Amino acid sequence: MTETIGTGGGIETIWAGYTFILGFLIVFRSNQAYSRFWESVTLTHKIRGQWTNAYSNLLAFCSTDQAREEEVSHFREYLLRLMSLLHCYALHQVCEMSDDRLEVIDLSGLSPDTVDFLHSCTSSDRLPGRTTE
């Protein structure tokens, strides 16, 4: 005498429901991560555009006098280096890389004491609220 308890259709239905829900959650989380990534990329480019706009606005107030052309050129180059450092600092605020070195435009216009001070700053000095690992 053989009795059949069931055909196993209940387990297949449960498994199908489980895989559907799991697949839905994975797709949802991936979509959220993708959206957050592109939002951060967009905001990073917007920040760079804002720094460029600020630099352009500052250049608009430079003198056009031919007698001061060399001084104005030196000022523009120095201002460009400072804006590069500001942008680097802003990226450090959001950057979470193991190697946090970012490129800046030449530091030749800064005094050696200033460059030494910048090199001596640790991550926690530059980034309030974060600790070095």
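The basis for the numbers below is simple: all heavy atoms, side chains too, and nothing from hydrogens, waters or symmetry mates. All values reported here derive from a predicted model rather than from experimental measurement.
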Under the side chain to side chain donor-acceptor pair (under 3.5 Å) test, residues paired with T44 that sit two or more places apart: none
Ignoring hydrogens and angles, write down the donor-acceptor pairs under 3.5 Å from the side chains of residues 53-63, residues two or more places apart or on other chains.
unit_1	atom_1	unit_2	atom_2	d
Y55	OH	R76	O	3.3
S56	OG	T52	O	3.0
N57	ND2	N53	O	3.3
S63	OG	D65	N	3.1

Take atom CD in Q32; do more than 12 heavy atoms of anything else shown fall under 6.0 Å from it? yes
Does L82 have any side-chain contact (heavy atoms from CB on, under 4.5 Å) partners at least two apart in sequence or in another chain, and if so, which? Y78, L110
Across all chains, not counting sequence neighbours, the side chain to side chain donor-acceptor pair (under 3.5 Å) partners of W38 are Y34
Side-chain heavy atoms nearer than 4.5 Å, only ILVMFWY residues, links allowed to pass through others: does that put F75 and L86 together? yes
Measuring from I11:CD1 to W15:CH2, what's the distance to the nearest 0.5 Å? 11.0 Å
Partner set under side-chain contact (heavy atoms from CB on, under 4.5 Å) for E77, not counting sequence neighbours: S73, R81
For E71, enumerate each residue passing the salt bridge (Lys or Arg N to Asp or Glu O under 4.0 Å) test, keeping only those at least two apart in sequence or located in another chain. R68
Identify, with sequence neighbours excluded, every residue that meets side chain to side chain donor-acceptor pair (under 3.5 Å) alongside Y18. none
Mind listing the side-chain donor-acceptor pairs of residues 21-30 below 3.5 Å, one per line with the distance, residues two or more places apart or on another chain?
unit_1	atom_1	unit_2	atom_2	d
S30	OG	I26	O	2.9

Between OG of S40 and NZ of K46, what distance do you get to the nearest 0.5 Å? 14.0 Å
ILVMFWY cluster membership beyond V72 - transitive side-chain contacts under 4.5 angstrom: none
